[in-house]
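Report on one structure; see the data block that follows.
Just so it is clear: chains get the letters A, B, ... in the order the sequence lines come, proteins before strands, and each one is counted from 1.
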Amino acid sequence: MTVRVRFAPSPTGYLHVGGARTALFNWLFAKKNGGQFILRIEDTDTQRSTPESERSIIEDLKWCGLSWEEGPNVGGAFGPYRQSERVRAGIYEEHVKRLLNSNSAYYAIYELKNDKKIVKKTTSEEEANDFRKRGHAVTVIFKIPSGKTIFNDMAKGEMKFENSTFDDFVIVKSNGYPTYNFAVVVDDHLMKISHVVRGEDHLTNTPKQIMIYRAFEWKEPAFMHIPLILGADRTPLSKRHGGTSVDYFRSYGIIDKAFVNYLALLGWAVKNEIFDPFKMVKAFDLEKLSLKPVTFDYAKLEWVSGQHMRNMPVEELIEKFKAWLRENYPIGEKWFENKEYAEKVVEICRQKVNTFRVLKSFVEPFFVEKPTPTKDAKEILDSSYVQSYLLPFFDVIEKMDNWDVEEIEKVIRGIASNENISKKRFFQLLRAALLGQTVTPGLFESVYVLGKKRTLDRIQNILNAK
RNA sequence: GCCCUCAUCGUCUAGUGGUCUAGGACACCGGCCUUUCACGCCGGCGGCUGGGGUUCGAAUCCCCAUGAGGGCGCCA
């Protein structure tokens with residue numbers, strides 16, 4: 001059997017980290033089994049669905065590195081892949097009729113001014129249309145059969161539900177659109193989905209859906225429900241906890257691979273925690289996922305990001321960093337005109353930061369003509385002793401022939417011990433003078449990367465301002 | 001209220017009846033390195049939700065309790 005899985009977001013907001021994780025696990029499962037990963041847009045909520053949301057969800061999925069064989073704007077043999085388009089194609093309508101005919105569903109006619117109160121149930125289309133013409137709201141309701149519904153969840157084992165614990169439920173709204181529980185069944189079946197892997201919030205929807213499968217006499221796919229992501233206080237992850245959308249972490253400056261790495265880590269035990277999830281498909285095993293709701297740990301995410309920051313080839317990091325700058329700090333893109341210099345700068349800065357946002361602040365002073373001093377740096381530069389230590393530094397640097405880190409270190413240490421100043425103060429003074437910050441990459445490396453000319457120019461600038 | 005799921009350090013987890021005085025990672029604390037902040041290295045703190053069983057033996061199996069999460073929409 002070919003594995004076909006899908007991710008089916010509703011375009012009513014941003015892609016949530018939980019959604020991203022679900023999508024990732026589906027993707028991983030598909031790849032591992034040589035199957036297909038399908039994207040379907042569930043936009044049957046005409047009030048809340050927006051095209052912008054669909055766009056941003058798709059963009060965020062792509063940022064995560066996910067790709068799909070079938071979906072909107074991609075096509076495929078089982079399209080269309082937007083439910084609104086499927087409504088227009090009459091796909092659900094045709095299936096509702098079958099349910100009506102087999103007595104598995106009925107029309108509900110509501111009181112004229114009260115669309116909560118059902119005044120009549122019927123399976124006659126004619127009768128329903130009649131009422132509709134007279135202004136009554138009409139829906140189609142699925143009739144819960146008697147008995148039990150039993151299925152096997154891939155993670156949790158046998159699930160058994162008494163059908164009597166469920167109430168008949170609406171499958172077609174009065175505006176003609178199918179409801180979620182109905183549309184998923186029809187689409188998953190028609191799209192030949194073999195495994196439905198989704199959040200645990202859908203667990204109790206599953207028996208309802210299975211009842212529909214059985215009413216159609218269709219074979220249902222395999223189901224697996226994965227735990228939800230919670231915040232530190234064990235309540236559902238929300239804005240109060242920090243960010244919840246993929247978009248948030250993206251602009252926060254988390255590296256894409258690290259984000260996906262962390263998502264995979266949530267519930268998946270591996271020996272080496274830092275990895276490229278896309279190279280781990282063989283090792284991936286859905287059924288080994290942990291069953292308990294997981295807490296989203298922002299600190300660990302940052303750590304994972306930092307690991308990737310340092311491990312990945314600089315060229316690759318720079319590509320990603322440039323993409324981040326394009327979206328968040330466009331003037332930073334021109335920093336990379338001098339590729340060789342930029343590479344060196346990034347190389348020394350990446351050693352100490354975890355996110356692009358912080359990388360940007362480390363890197364920036366290397367690229368601007370005259371760095372704007374931070375408050376701390378300004379305080380140092382305003383003090384009276386500045387000239388007396390910067391002058392000898394200038395002279396010594398100017399005389400240097402071999403421009404290498406060891407030599408620079410020797411020279412700087414030399415001044416610190418000759419002059420009447422502590423190493424710490426002197427080093428901080430140089431940081432402030434050269435980079436306008438008191439927190440910088442290693443001082444000797446910084447001077448080395450800046451190069452002789454820039455170093456001299458910057459010192460000259462400070463001296464002139466005195 | 002009814003139904004469903006889950007339960008090992010603060011967090012993510014290893015563990016599948018004896019090798020567990022419960023292992024790792026993040027966080028935290030201390031130290032080293034040292035030029036700031038970090039990175040890195042070393043060390044420390046810290047946990048089997050409770051109660052009953054089953055068994056020679058339970059983190060591991062069963063039951064109950066408790067706690068947490070989810071569902072019970074013309075939302076998905």
Side-chain angles (χ1 to χ4, degrees), chain A residues 8-13 19 42-49 83 108 110 115-116 137-141 153 155-157 159-162 164-167 169-184 198-208 225 227-230 232-236 262 265-274 290-304 306-307 309-310 349-354 358 362 376-377 409 412-413 416 422-432 435 437-446:
Chain A
S10 68
T12 55
E42 308 217 325
D43 56 349
T44 54
D45 185 336
T46 52
Q47 298 299 304
R48 299 193 301 147
S49 297
Q83 289 184 330
Y110 297 81
D115 55 11
K116 292 275 180 292
V138 176
T139 64
V140 179
I141 291 183
D153 185 281
K156 299 171 192 292
M159 294 293 129
K160 192 191 283 179
F161 296 83
E162 286 296 338
S164 60
T165 58
F166 297 100
D167 293 324
F169 58 95
V170 174
I171 56 174
V172 180
K173 309 175 193 179
S174 55
N175 66 4
Y177 272 67
T179 60
Y180 164 74
N181 277 124
F182 179 61
V184 249
R198 68 214 326 186
E200 204 178 278
D201 49 339
H202 289 291
L203 187 57
T204 30
N205 280 326
T206 307
K208 291 185 186 177
H225 295 91
L228 269 14
I229 298 179
L230 307 178
D233 57 1
R234 300 250 114 205
T235 62
Y262 177 70
L265 226 41
L266 236 35
W268 183 18
V270 284
K271 47 270 144 226
N272 181 5
E273 296 195 309
I274 302 304
S290 145
L291 298 178
K292 80 172 190 188
V294 289
T295 306
F296 196 85
D297 187 341
Y298 293 82
K300 184 140 185 182
L301 206 213
E302 275 211 41
W303 176 77
V304 173
Q307 296 298 309
M309 179 80 68
R310 265 154 253 130
C349 291
R350 86 207 277 214
Q351 302 306 327
K352 328 177 70 171
V353 304
N354 293 331
V358 182
F362 262 63
D376 289 350
E409 172 163 5
I412 291 178
R413 284 188 190 282
S422 72
K423 270 187 297 184
K424 183 170 170 173
R425 277 183 99 187
F426 184 52
F427 291 165
Q428 287 301 79
L429 167 60
L430 290 182
R431 277 179 228 282
L435 297 166
Q437 297 184 171
T438 51
V439 176
T440 72
L443 179 57
F444 316 127
E445 290 80 1
S446 295

Would you indicate, yes or no, if [N] has its OP1 or OP2 atom less than 4.0 angstrom from a side-chain nitrogen or oxygen of [X]?
| X | N | result |
| --- | --- | --- |
| A/T179 | B/rC74 | no |
| A/T295 | B/rG10 | no |
| A/R234 | B/rC12 | yes |

Requested in this report: Quick one: sort the A/F296 and A/Y262 rings into parallel, tilted or perpendicular, breaks at 30° and 60°.
Outcome: perpendicular
**Report entry** Geometric class of the A/H202/A/Y180 ring pair [parallel <30°, tilted 30-60°, perpendicular >60°]
**Finding:** tilted
In whole angstrom, give me the gap between the [atom1] atoms of [N] and [M].
| N | M | atom1 | result |
| --- | --- | --- | --- |
| B/rU35 | B/rC20 | C1' | 46 Å |
| B/rG44 | B/rA27 | C1' | 14 Å |
| B/rG1 | B/rG10 | P | 30 Å |
| B/rC37 | B/rC32 | P | 14 Å |
| B/rG15 | B/rC63 | C1' | 23 Å |
| B/rU36 | B/rC26 | P | 23 Å |
| B/rC62 | B/rU54 | C1' | 7 Å |
| B/rA38 | B/rU19 | P | 42 Å |

At under 4.0 Å between heavy atoms, what does [X] touch on the DNA or RNA strands: base, sugar-phosphate, or nothing?
| X | value |
| --- | --- |
| A/Q307 | sugar-phosphate |
| A/D115 | base |
| A/H225 | nothing |

Of all the heavy-atom pairs spanning [X] and [Y], show the shortest one and how long it is.
| X | Y | value |
| --- | --- | --- |
| A/T139 | A/K173 | CG2-C, 4.1 Å |
| A/L228 | A/E200 | CD1-N, 3.5 Å |
| A/A232 | A/T295 | CA-CG2, 3.5 Å |
| A/P227 | A/K292 | CB-O, 3.4 Å |

Can you tell me how far [atom2] of [N] sits from [atom1] of [X], to the nearest Å?
| X | N | atom1 | atom2 | answer |
| --- | --- | --- | --- | --- |
| A/N181 | B/rG71 | CG | C1' | 11 Å |
| A/Q83 | B/rC75 | CD | C1' | 12 Å |
| A/K292 | B/rG67 | NZ | C1' | 13 Å |
| A/L230 | B/rG67 | CG | C1' | 13 Å |
| A/D167 | B/rG73 | CG | P | 7 Å |
| A/F296 | B/rU11 | CZ | P | 16 Å |
| A/I171 | B/rG73 | CD1 | P | 16 Å |
| A/L228 | B/rC12 | CG | P | 14 Å |

Report task. Evaluate the side-chain proximity of A/V184 to A/N205: yes if any heavy-atom separation is below 4.5 Å, no if none is. Result ->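 No - every pair of side-chain heavy atoms lies 4.5 Å or more apart.
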Report task. Could you tell me whether the side chain of A/F362 reaches within less than 4.5 Å of the side chain of A/Q351, counting heavy atoms only? Result ->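 Heavy-atom side-chain distance check fails, nothing below 4.5 Å.
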Which listed nucleotide ([options]) is nearest to the side chain of [X]?
| X | options | answer |
| --- | --- | --- |
| A/N205 | B/rA7, B/rA76, B/rA14 | B/rA76 |
| A/K208 | B/rC74, B/rC72, B/rA76 | B/rC72 |
| A/E42 | B/rG70, B/rA76, B/rU13 | B/rA76 |
| A/S10 | B/rA76, B/rC39, B/rC6 | B/rA76 |

Nucleotide paired to [N] in any strand shown, Watson-Crick or G-U, under 3.5 Å:
| N | value |
| --- | --- |
| B/rC2 | B/rG71 |
| B/rA76 | none |
| B/rA7 | B/rU66 |
| B/rC28 | B/rG44 |

Query raised in the report: When every nucleotide of nucleotides 24-36 of chain B is labelled 5' to 3' by its protein contacts under 4.0 Å (heavy atoms), B for base, S for sugar-phosphate only, - for none, what sequence of letters results?
Result: BBS-------SBB
Report summary line: Contacts of A/E273 meeting salt bridge (Lys or Arg N to Asp or Glu O under 4.0 Å) (sequence neighbours excluded), chain-then-number -> A/K300
Taking only N/O atoms, report every protein-nucleotides 3-5 of chain B pair under 3.5 Å with atom names and distance.
from: B/rU5; atom 1: O2'; to: A/K156; atom 2: NZ; distance (Å): 2.7

Requested in this report: Mark yes or no: A/K208 above the aromatic ring of A/F169, with NZ or CZ under 6.0 Å from the six-membered ring centre and no more than 45 degrees from the axis.
Outcome: yes
Requested in this report: Please report the C-alpha distance between A/T179 and A/N181 in whole Å, then the side-chain angles of each, then the deciding distance to 0.1 Å, and finally whether the side-chain hydrogen bond (donor to acceptor under 3.5 Å, both in side chains) criterion is met.
Outcome: CA-CA 6 Å; A/T179 60; A/N181 277 124; 5.8 Å; no
Requested in this report: Assign each of A/V270 and A/D45 to its nearest nucleotide of RNA chain B by heavy atoms, then name whichever residue's nucleotide is nearer the 5' end.
Outcome: A/V270
Requested in this report: Examine the side chains of A/Q428 and A/R425 and answer whether a donor and an acceptor come within less than 3.5 Å of each other.
Outcome: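 Result is no, nothing qualifies.
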